[in-house]
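Quick note: numbers below take in every heavy atom, side chains included, and nothing from hydrogens, waters or symmetry partners. The sequence lines fix the lettering, A, B, ..., with proteins before strands; numbering per chain opens at 1.
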Protein chains: 2
Amino acid sequence: MHDWREYDQNPVSHSAAHHLVAIAELLVEFGYARVSDVARNLGITRGSVSVTLKGLKARGLVTEDERRFLGLSEEGERIARGVMAKKQVLMGLLMDLLGVPEELADQDTCKIEHLVSDETAERASRALLFLRSGAKEAVAFVDALQKFGRQGAPESFPSKEVEALAREIARETEDSEEGK
Amino acid sequence: MHDWREYDQNPVSHSAAHHLVAIAELLVEFGYARVSDVARNLGITRGSVSVTLKGLKARGLVTEDERRFLGLSEEGERIARGVMAKKQVLMGLLMDLLGVPEELADQDTCKIEHLVSDETAERASRALLFLRSGAKEAVAFVDALQKFGRQGAPESFPSKEVEALAREIARETEDSEEGK
DNA sequence: TCAAGTTGTTTGGCATGCCAAACAACTCTA
DNA sequence: TAGAGTTGTTTGGCATGCCAAACAACTTGA
């Protein structure tokens with residue numbers, strides 16, 4: 001089994017990801033981004049942003065010109081674009097496939113956007129593209145899933161049924177591990 | 001827009017969730033759980049576990065008998081079961097629906113298992129149950145998706161195509177926000 | 001029985017990431 | 001041009017969550 005603490009072994013932390021995305025968004029929306037703008041965007045103090053950006057500048061992800069306008073390096077922009085794309089793809093999947101309300105989908109994806117691996121995100125993108133392609137299998141599936149989902153009352157999670165499902169999956173993956 | 005820092009406003013932290021799950025797993029597997037067992041299970045020191053469990057005991061999630069054997073309160077067990085169920089459901093979806101390899105699915109789900117809301121997890125469970133029900137729409141969908149996914153080379157994330165998709169979704173959700 | 005090993009706790013340290021408050025440097029405006 | 005406001009930085013503080021090391025309390029084996 002792998003080390004469960006990988007949650008903080010990501011290329012960028014949750015905090016850093018949000019700083020990069022904030023800069024990217026501000027650049028698109030206003031054409032510039034300063035420490036104060038980032039702080040306002042993230043709802044934290046200028047001091048905190050100042051300290052965090054010092055690290056991101058040192059890592060070559062964030063740039064600053066002589067007038068203290070912030071920018072993103074090639075790498076920094078790549079990371080920001082990746083996080084933003086993951087966020088949108090996950091939003092799309094949660095809403096279009098699972099029928100999660102937008103508000104909740106926003107909360108959930110915000111927490112996990114920067115944690116999903118590129119490969120999983122790529123696969124999720126493919127699924128979402130297919131889902132939105134209008135292919136008859138996709139339409140039929142969403143339709144049938146919607147009807148299927150209406151069964152059973154919304155008890156507290158996890159329901160007995162879900163726990164049985166979880167046990168089943170656990171058993172299957174344990175089986176596959178034995179064979180190593 | 002909601003506060004992006006909700007990532008740490010969860011009922012239990014990533015760390016706490018893993019401690020609870022470890023106890024639950026040890027109880028099932030060996031019938032008992034002590035501080036040392038939890039430490040070994042999580043790959044951290046006894047000292048760290050001791051400190052963390054002090055907090056969980058104070059919060060009434062973890063119990064301890066006179067022989068220093070650990071247990072879970074009703075609430076603690078509910079949380080542990082919820083996290084474990086979410087983990088398995090996400091594993092199932094990533095592997096069965098998206099075709100993510102088990103090893104990677106394990107890493108990804110480990111990072112997000114405790115962050116997904118109950119409602120989203122419930123909906124995900126429904127989707128997975130349907131997917132595994134053998135319904136013809138489910139089978140046809142997975143089949144068609146697999147073929148669809150084979151298109152395009154695995155470039156670096158996010159591909160141009162995915163970025164276009166992301167922009168589209170962003171535009172749609174922004175539209176729906178205007179109307180509020 | 002007594003030395004050796006195991007167990008749980010405490011302590012001080014480190015890293016991340018936030019805050020408030022004090023500061024210096026700038027830009028307006030009256 | 002002086003006062004007021006804005007900006008970015010620094011400082012000390014707090015919370016989480018990990019470590020190593022030292023410790024006391026136990027079990028266990030020769």
Side-chain angles (χ1 to χ4, degrees), chain A residues 2-23 26 30-59 61-71 79 83 110-111 114-115, chain B residues 2-23 26 30-59 61-71 83 110-111 113-115:
Chain A
H2 72 275
D3 189 339
W4 66 276
R5 279 167 300 167
E6 285 181 13
Y7 78 97
D8 60 357
Q9 307 180 344
N10 291 290
V12 296
S13 68
H14 188 176
S15 171
H18 271 282
H19 281 72
L20 296 177
V21 169
I23 292 174
L26 289 165
F30 303 109
Y32 64 90
R34 294 162 304 171
V35 171
S36 290
D37 304 317
V38 173
R40 203 175 312 115
N41 187 289
L42 295 180
I44 61 180
T45 64
R46 298 191 307 263
S48 298
V49 173
S50 180
V51 171
T52 299
L53 289 188
K54 203 192 298 186
L56 295 180
K57 286 180 216 161
R59 286 170 58 187
L61 300 179
V62 170
T63 61
E64 189 179 28
D65 71 13
E66 66 287 347
R67 277 168 310 171
R68 301 198 146 173
F69 284 160
L70 301 168
I79 293 175
V83 172
C110 180
K111 295 177 188 171
H114 69 295
L115 295 172
Chain B
H2 71 274
D3 189 338
W4 66 276
R5 280 167 300 167
E6 284 181 15
Y7 79 97
D8 60 357
Q9 308 180 345
N10 291 291
V12 295
S13 67
H14 188 174
S15 171
H18 272 281
H19 281 72
L20 296 177
V21 168
I23 292 174
L26 288 165
F30 303 109
Y32 65 89
R34 295 163 304 171
V35 171
S36 290
D37 303 318
V38 174
R40 203 175 313 116
N41 186 291
L42 295 179
I44 61 180
T45 65
R46 298 191 308 263
S48 298
V49 172
S50 179
V51 171
T52 300
L53 288 188
K54 202 191 300 184
L56 295 180
K57 285 181 217 160
R59 286 170 58 188
L61 300 178
V62 171
T63 61
E64 190 179 28
D65 71 13
E66 65 288 345
R67 277 169 310 170
R68 301 198 144 172
F69 285 160
L70 301 168
V83 172
C110 178
K111 295 178 189 171
E113 58 187 12
H114 68 295
L115 296 172

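For Arg46(A), no side-chain nitrogen or oxygen approaches OP1 or OP2 of dG8(D) to under 4.0 Å. Between Ser15(A) and dT16(C) there is no side-chain polar atom (N or O) within less than 4.0 angstrom of OP1 or OP2. Phosphate contact (OP1/OP2 of dG8(D), side-chain N/O of Lys57(A), threshold under 4.0 Å): absent. Residue Ser48(A) places no side-chain N or O under 4.0 Å from the OP1 or OP2 atom of dC18(C). Taking 4.0 angstrom as the limit, Ser36(A) places none of its side-chain polar atoms (N or O) nearer than this to OP1 or OP2 of dT6(D). Here Thr52(A) reaches the OP1 or OP2 of dC18(C): one of its side-chain N or O atoms lies under 4.0 Å away. Within the 4.0 Å cut-off from OP1 or OP2 of dG8(C), not a single side-chain nitrogen or oxygen of Lys54(B) is found. OP1 or OP2 of dA20(D) has not a single side-chain nitrogen or oxygen of Thr45(B) nearer than 4.0 Å. Close to dG17(C), at under 4.0 Å from its OP1 or OP2, lies a side-chain N or O of Ser13(A). Listed pair Arg68(B) / dG8(C) fails the phosphate criterion, with no side-chain N or O lying under 4.0 Å from OP1 or OP2.
Of all heavy-atom pairs spanning His114(B) and Val12(B), the tightest one is CD2-O, 4.3 Å. The two residues Leu70(A) and Val35(A) have their closest heavy-atom pair at CD1-N, 3.7 Å.
The CG-P distance, from Leu26(B) to dT7(C), rounds to 13 Å in whole Å. Taking atom CD1 on Ile23(B) and atom C1' on dG8(C), their separation rounds to 14 Å, with Å as the unit.
Across dC18(D), dG8(C), dC18(C), the shortest atom-to-atom separation from the side chain of His19(B) is found for dC18(D). Side-chain proximity of Arg34(A) to dT10(C), dC19(C), dT7(D): nearest is dT7(D).
Checking side-chain atoms of His18(A) against main-chain N and O of His14(A) turns up no donor-acceptor pair under 3.5 Å. In this structure, Ser50(A) contributes its side chain and Arg46(A) its backbone to no donor-acceptor pair below 3.5 Å.
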